[in-house]
Novice: 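This is the structure I have questions about; it appears just below.
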Amino acid sequence: MVNVQTQTEVRHVLEVLNTISRGRMVMDWDEITSGTNPYVVMKTSNIPGKNVLEIPGLIFGSKHKPVRRIGVGMTLTESMIEMASAMRLDLIVVHHPVADAANSGGVPFADYLPLYDLALIEMHEAFHGLHPGLTLLHGHRKLSTDISFCGLPGNVLHKGIALEGVNTAGDILARIDSWMGREIDADLLEAERAIRGESTLQEATLSNPVRLLSGSVDQPVKHILHFFPHTGFSLEHLEIALRMYPETDTIIVSISRVREDHELVELARRRGLNFIVGNPHSVEILENGLPLAFALEMLLPGVEVFLLRERITAVSLHDVGHAKMVEYGRGMAEAYLVNVPSRAVQ
């Protein structure tokens, strides 16, 4: 905990995050060049120029910058930067790795963040596996966690056992719905549709509900494997995990999703296992962001901490309710983007 008599600076926040993460943060940039920090990880799909090096630490700003107000978010966007500006935040701490331009409205951090005197810290792999909340929300107590299953950094696998009172697949579905407050999101969406006059408006959390893709609601649950398909968790990985834990009766995937005909689901059906699709990525700000935000508040007395939650909606183009902006958009398209004189082929 930082002494309340001492002005909190970015370096103090970094020290607190290093405590929270059990020493996983980059405290000295020599850790990157020397390769001594295993949480500094290159992420790539082998698309030229589109890889990113995860650096759990201070990405932008001075370690000695005073900090009075911190924003905790998941993925840095230009909207988050603008919100931080409006709220006069001093520091943004995000979960996901950041990259110049990709996370700052198409421009470099050095041109954007100084406008609002913002410092920036990322965590990601350094935060994985630190608390059991995500598994708790999905109805099981984790017995073990591998954050690099089969040697793949970030490929997280939880082995868990059902909580007391969680006896069936239906119990897990009901538990997730009750904990995540989906009824609030449903009321909000209904009100927004009415106010905007947009009957087709959709919202990311509600569009991706909890689902049971294999098994039945009354099928028993006890031994659970919980993983995240977007981390690279493959069919081969699942087969290995089931050999390691043959007692498994239930598979839960969350954050990312699979469809009904995915090979992971087909394997579960062949083996008579429950297969549950849990919370979507849009609520990870609650699953992982909220515990981190409260930890920062507890360890940094006198510093205000805010949760930066982005909400994603979609609406049919023909249902956009703001008539004046519809007129504007259609006019720009017709005058400048569609009726463009063709260029002679060189």
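Positions are given from 1, in the same order as the sequence printed here. Remember, it's a predicted structure, so these values are computed and weren't measured experimentally.
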Novice: What I want to find out is whether E198 reaches R193 closely enough, with some N-O distance under 4.0 Å, to be called a salt bridge.
Specialist: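 No, E198 and R193 are not salt-bridged.
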
Novice: Going by the salt bridge (Lys or Arg N to Asp or Glu O under 4.0 Å) test, which pairs reach into residues 74-101, not counting sequence neighbours?
Specialist: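 Listed by first then second residue: K65-D90, R68-D90.
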
Novice: Mind checking side-chain contact (heavy atoms from CB on, under 4.5 Å) for P132 and listing every partner two or more places apart, or none if nothing turns up?
Specialist: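 Here the qualifying residues are T135, K142.
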
Novice: Any side-chain hydrogen bond (donor to acceptor under 3.5 Å, both in side chains) pairs touching residues 262-271, not counting sequence neighbours?
Specialist: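 Passing the test, one end in residues 262-271: no pairs.
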
Novice: Ring centroid separation for F228 and F233, is it under 6.0 angstrom?
Specialist: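 Ring centroids of F228 and F233 are no less than 6.0 Å from each other.
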
Novice: Given the side-chain rings of H95 and H128, with only the six-membered ring counted for Trp, is the space between their centroids under 6.0 Å?
Specialist: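 Centroid separation for H95 and H128: below 6.0 Å.
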
Novice: Are a donor atom and an acceptor atom from the side chains of T145 and H158 found within less than 3.5 Å of each other?
Specialist: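 The answer is yes; a qualifying pair exists.
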
Novice: Could you work out, with side-chain contact (heavy atoms from CB on, under 4.5 Å) as the rule, every residue matching A84, not counting sequence neighbours?
Specialist: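 For A84 the side-chain contact (heavy atoms from CB on, under 4.5 Å) partners, ignoring immediate neighbours, are L89, I92, L118.
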
Novice: Apply side-chain contact (heavy atoms from CB on, under 4.5 Å) to P280 and list each qualifying residue two or more places apart in sequence or on a separate chain.
Specialist: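 Counting only residues at least two positions away or on another chain, P280 forms a side-chain contact (heavy atoms from CB on, under 4.5 Å) with N208, R257, S282, V283.
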
Novice: Heavy atoms only: give me the nearest V258-V277 pair and the separation to one decimal.
Specialist: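 Taking V258 first and V277 second, the nearest heavy atoms are O-CG2, 4.2 Å.
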
Novice: Are H281 and H96, when compared by the centres of their aromatic rings, separated by less than 6.0 Å?
Specialist: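 When the ring centroids of H281 and H96 are compared, they turn out to be within the sub-6.0 Å range.
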
Novice: Only pairs at least two apart or in different chains count here, so list each salt bridge (Lys or Arg N to Asp or Glu O under 4.0 Å) that has a residue in residues 221-249.
Specialist: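 Qualifying pairs, neighbours excluded: K159-E247.
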
Novice: Sequence neighbours excluded, which residues qualify as salt bridge (charged side-chain N to carboxylate O under 4.0 Å, His left out) partners of E125?
Specialist: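 Checked E125 against salt bridge (charged side-chain N to carboxylate O under 4.0 Å, His left out); matches are K43.
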
Novice: Got K63 and L58 here, is their nearest side-chain heavy-atom distance under 4.5 Å?
Specialist: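 When only atoms from C-beta onward are counted, L58 and K63 do touch, with a gap below 4.5 Å.
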
Novice: So which heavy atom on G278 is nearest to which on I176, and how close?
Specialist: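 The answer is CA-CD1, 4.2 Å.
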
Novice: Hydrogens and angles aside, do N155 and T231 bring a side-chain donor and acceptor to less than 3.5 Å of each other?
Specialist: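 Checked: N155/T231 side chains pair up, N/O donor to acceptor below 3.5 Å.
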
Novice: To the nearest 0.5 Å, how far apart are OG1 in T205 and CD1 in I312?
Specialist: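 The OG1 atom of T205 sits 9.5 Å away from the CD1 atom of I312.
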
Novice: Can you run down the salt bridge (Lys or Arg N to Asp or Glu O under 4.0 Å) pairs that involve residues 281-300, sequence neighbours left out, and say none if there aren't any?
Specialist: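 Residue pairs with at least one partner in residues 281-300: there are none.
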
Novice: How far does OG1 of T250 sit from CD1 of I161, to the nearest 0.5 angstrom?
Specialist: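 So the OG1 of T250 and the CD1 of I161 are separated by 11.0 Å.
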
Novice: Which of these, I121, I59, T75, sits in a side-chain contact (heavy atoms from CB on, under 4.5 Å) with V98?
Specialist: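 So the option named by the test is I59.
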
Novice: Within the 4.5 Å heavy-atom criterion, are R69 and F306 side-chain neighbours or not?
Specialist: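 They are in side-chain contact.
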
Novice: What pairs of residues pass the salt bridge (Lys or Arg N to Asp or Glu O under 4.0 Å) test when at least one of them lies in residues 107-116, not counting sequence neighbours?
Specialist: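 Not a single pair qualifies under salt bridge (Lys or Arg N to Asp or Glu O under 4.0 Å).
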
Novice: Determine whether C150 and L152 make a side-chain contact, defined as any pair of heavy atoms from C-beta on separated by less than 4.5 Å.
Specialist: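 When only atoms from C-beta onward are counted, L152 and C150 do not touch, as no gap falls below 4.5 Å.
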
Novice: What pairs with D177 under salt bridge (charged side-chain N to carboxylate O under 4.0 Å, His left out), at least two apart in sequence or on another chain?
Specialist: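 With neighbours one apart ignored, the set is R182.
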
Novice: Among residues at least two apart in sequence or on other chains, which ones pass salt bridge (charged side-chain N to carboxylate O under 4.0 Å, His left out) with R309?
Specialist: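 Salt bridge (charged side-chain N to carboxylate O under 4.0 Å, His left out) check on R309 returns nothing, list empty.
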
Novice: Not counting sequence neighbours, which residues clear salt bridge (charged side-chain N to carboxylate O under 4.0 Å, His left out) with R141? List them please.
Specialist: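 By the salt bridge (charged side-chain N to carboxylate O under 4.0 Å, His left out) rule, R141 matches no residue at all.
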
Novice: Can you see which heavy atom on N288 is nearest to which on L134, and at what distance?
Specialist: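 That closest heavy-atom pairing would be ND2-CD1, 4.4 Å.
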
Novice: Side chains of T77 and E310 only: does a donor on one sit below 3.5 Å from an acceptor on the other?
Specialist: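 Side chains of T77 and E310: pair found under 3.5 Å.
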
